[in-house]
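All values derive from a computational prediction rather than experimental measurement. Chain letters run A, B, ... following the sequence lines, proteins first and then strands; every chain starts at 1.
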Amino acid sequence: MEKTNSYYILPNNFYPVKKLQNYIHMGVVRNYSKGQSVVLPGELIYKIVYVLSGRLSINFLNEDGRQKLMYYADPNTYADRLFPFDECYVHVIAEENSTICFFSKEELFEIFQQDKEVLSDFITNYSSKCGYFMRESKEMILYNPSVRVLRLLYELCLTQGKSVDDVYQIDIKLSQKAISEITGVHFVTISRIFGFLKKENILYKTTSKITVIDLERLKELVNEWMEF
DNA sequence: CCATTAATATATA
DNA sequence: TATATATTAATGG
């Protein structure tokens, strides 16, 4: 039975390569504490960084000090440092206390030969990542900042919202700062948007949950705030 | 730590 | 030039 390649909205929980954890004896396992660098900017390790527990962030750095969060690697996913690009500084940071397994290209390809399912899942993971970044570039080009945030909230509600007593609940731990990093919208602007949505009784957010009171109004706002 | 608000600057249609 | 968004700084939960 073929699974569909899900459409990812947030840059985490990419397609898991679960069976790779059966082969960690072939790699190198290490623990990192929260905040610790796993791969330093410019460091060449030629390995994949597979997450067993915890969470990593993968950040791209520019010469002028600016940086952009690219994605989070949650358990059973990986940060790929097999094929480093020239002039591109990547910083991999442990966002939580994390246990990581490093695999070299040789080790990984040996596993692929032994277990085609791992190879299949590995490629599917790449595909889901690729889908996310294609979506992100589309959003950046087609929509202005506020509309991007509204569209993100709307799609989160459609894909993971659970209907509870006349409202939708999205069980997700997502700070305003995280939304800011994901959408490229300034955190003060994010705060203002949430303030407005709450005032208008459209939606409100707590630490672990987003509650959508008026999904229709949210959809209308997307059009109202869009420029033609 | 994370979120809010105000004042001001910059960017964009 | 009007509006949207970013920046900075100050403050509160």
Side-chain angles (χ1 to χ4, degrees), chain A residues 9-13 31-38 40-41 51 53-75 89 91-100 132-157 160-161 167-228:
Chain A
I9 298 166
L10 296 174
N12 69 336
N13 284 313
N31 290 310
Y32 289 85
S33 47
K34 183 176 178 174
Q36 209 177 348
S37 289
V38 178
L40 290 167
V51 181
S53 72
R55 170 182 252 201
L56 306 179
S57 68
I58 290 80
N59 305 273
F60 277 21
L61 273 60
N62 274 4
E63 326 71 57
D64 62 5
R66 290 165 190 253
Q67 63 176 72
K68 166 83 171 86
L69 164 79
M70 301 311 287
Y71 62 96
Y72 296 104
D74 288 327
Y89 294 97
H91 193 190
V92 181
I93 304 164
E95 294 294 314
E96 306 294 340
N97 292 340
S98 305
T99 306
I100 309 300
Y132 170 80
F133 286 108
M134 287 193 279
R135 178 188 183 278
E136 188 180 46
S137 72
K138 176 200 71 178
E139 292 290 312
M140 294 297 287
I141 286 170
L142 294 180
Y143 302 100
N144 62 34
S146 297
V147 172
R148 290 203 298 275
V149 176
L150 292 186
R151 284 173 55 85
L152 175 74
L153 293 169
Y154 182 71
E155 291 196 43
L156 274 179
C157 189
Q160 348 188 348
V167 300
Y168 293 96
Q169 294 195 339
I170 309 164
D171 289 311
I172 196 168
K173 243 187 110 184
L174 196 62
S175 68
Q176 290 194 8
K177 187 166 155 284
I179 296 173
S180 167
E181 286 171 334
I182 289 164
T183 57
V185 181
H186 197 269
F187 66 92
V188 175
T189 305
I190 301 285
S191 176
R192 282 190 44 246
I193 291 171
F194 274 104
F196 175 83
L197 293 173
K198 190 176 177 181
K199 181 171 65 83
E200 297 285 318
N201 272 309
I202 295 169
L203 163 165
Y204 63 89
K205 191 183 90 63
T206 58
T207 311
S208 59
K209 190 158 70 179
I210 299 169
T211 305
V212 181
I213 301 165
D214 193 343
L215 185 62
E216 268 311 299
R217 186 81 189 97
L218 179 61
K219 190 179 183 179
E220 285 167 20
L221 264 194
V222 173
N223 293 314
E224 285 173 28
W225 289 7
M226 198 142 53
E227 37 216 326
F228 297 94

### Query
Can A:S33 and A:N97 be counted as having a side-chain donor-acceptor contact under 3.5 angstrom?
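Looking only at side-chain atoms, A:N97 and A:S33 do not form any donor-acceptor pair under 3.5 Å.
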
### Message
Quick one about A:H91 and A:S37 (side-chain donor to acceptor, distance below 3.5 Å, no hydrogens or angles considered), yes or no?
### Response
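Indeed, the side chains of A:S37 and A:H91 share at least one donor-acceptor pair under 3.5 Å.
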
[N] [atom2] sits how many Å from [X] [atom1], rounded?
{"X": "A:W225", "N": "B:dA13", "atom1": "CH2", "atom2": "P", "value": "18 Å"}
{"X": "A:F196", "N": "C:dA4", "atom1": "CZ", "atom2": "C1'", "value": "14 Å"}
{"X": "A:E95", "N": "B:dC1", "atom1": "CD", "atom2": "P", "value": "12 Å"}
{"X": "A:E96", "N": "B:dC1", "atom1": "CD", "atom2": "C1'", "value": "13 Å"}
{"X": "A:R148", "N": "C:dT5", "atom1": "CZ", "atom2": "C1'", "value": "11 Å"}
{"X": "A:I193", "N": "C:dA4", "atom1": "CD1", "atom2": "P", "value": "12 Å"}

If you compare every side-chain N and O of [X] against the phosphate oxygens of [N] (OP1, OP2), does one of them come in below 4.0 Å?
{"X": "A:N144", "N": "C:dT5", "value": "yes"}
{"X": "A:T189", "N": "C:dA6", "value": "yes"}
{"X": "A:S146", "N": "C:dA4", "value": "no"}

### salt bridge (Lys or Arg N to Asp or Glu O under 4.0 Å) involving A:R148 - partner list, sequence neighbours excluded
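A:R148 satisfies salt bridge (Lys or Arg N to Asp or Glu O under 4.0 Å) with no residue once adjacent residues are dropped.
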
### Query
Can you pull the side-chain hydrogen bond (donor to acceptor under 3.5 Å, both in side chains) pairs that have at least one residue in residues 189-200 of chain A, sequence neighbours excluded?
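Of all non-adjacent pairs touching residues 189-200 of chain A, none passes side-chain hydrogen bond (donor to acceptor under 3.5 Å, both in side chains).
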
### Query
Please, which pairs that meet side-chain hydrogen bond (donor to acceptor under 3.5 Å, both in side chains) have at least one residue in residues 206-221 of chain A, sequence neighbours excluded?
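Those involving residues 206-221 of chain A are A:R217-A:E220, A:R217-A:E224.
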
### Residues that A:Y32 engages under side-chain hydrogen bond (donor to acceptor under 3.5 Å, both in side chains), provided they are two or more places apart
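For A:Y32, no residue satisfies side-chain hydrogen bond (donor to acceptor under 3.5 Å, both in side chains) once neighbours in sequence are set aside.
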
### Query
For A:G161 and A:I170, which heavy atoms make the closest approach, and how far apart are they?
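Residues A:G161 and A:I170, closest heavy atoms: CA-CG1, 4.0 Å.
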
### Query
Using 30° and 60° as the class limits, which term best fits the ring planes of A:F133 and A:Y71: parallel, tilted or perpendicular?
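Rings of A:F133 and A:Y71: perpendicular, over 60°.
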
Taking only nitrogen or oxygen atoms into account, show me every contact under 3.5 Å that the protein makes with nucleotides 4-10 of chain B, one pair per line with its distance.
residue: B:dT4; atom: OP2; partner: A:Q176; partner atom: OE1; Å: 3.2
residue: B:dT4; atom: OP2; partner: A:Q176; partner atom: NE2; Å: 2.5
residue: B:dT4; atom: OP2; partner: A:S191; partner atom: OG; Å: 3.1

### Query
Heavy atoms under 4.0 Å, any strand shown: does A:T207 hit a base, just sugar-phosphate, or nothing?
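If one applies the 4.0 Å heavy-atom cut-off, A:T207 turns out to touch nothing in the nucleic acid.
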
### Rounded (10°) bend between the five-pair end axes of the helix from B:dC1-C:dG13 to B:dA13-C:dT1
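Both end axes considered, the difference amounts to 20°.
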
### Message
Can you confirm whether A:V212 sits close enough to A:I202 that some side-chain heavy atom of one is under 4.5 Å from a side-chain heavy atom of the other?
### Response
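Sidechains of A:I202 and A:V212: no contact.
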
### Query
Which listed nucleotide (C:dT7, C:dT5, B:dC2) is nearest to the side chain of A:K177?
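Of C:dT7, C:dT5, B:dC2, B:dC2 is nearest to the side chain of A:K177.
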
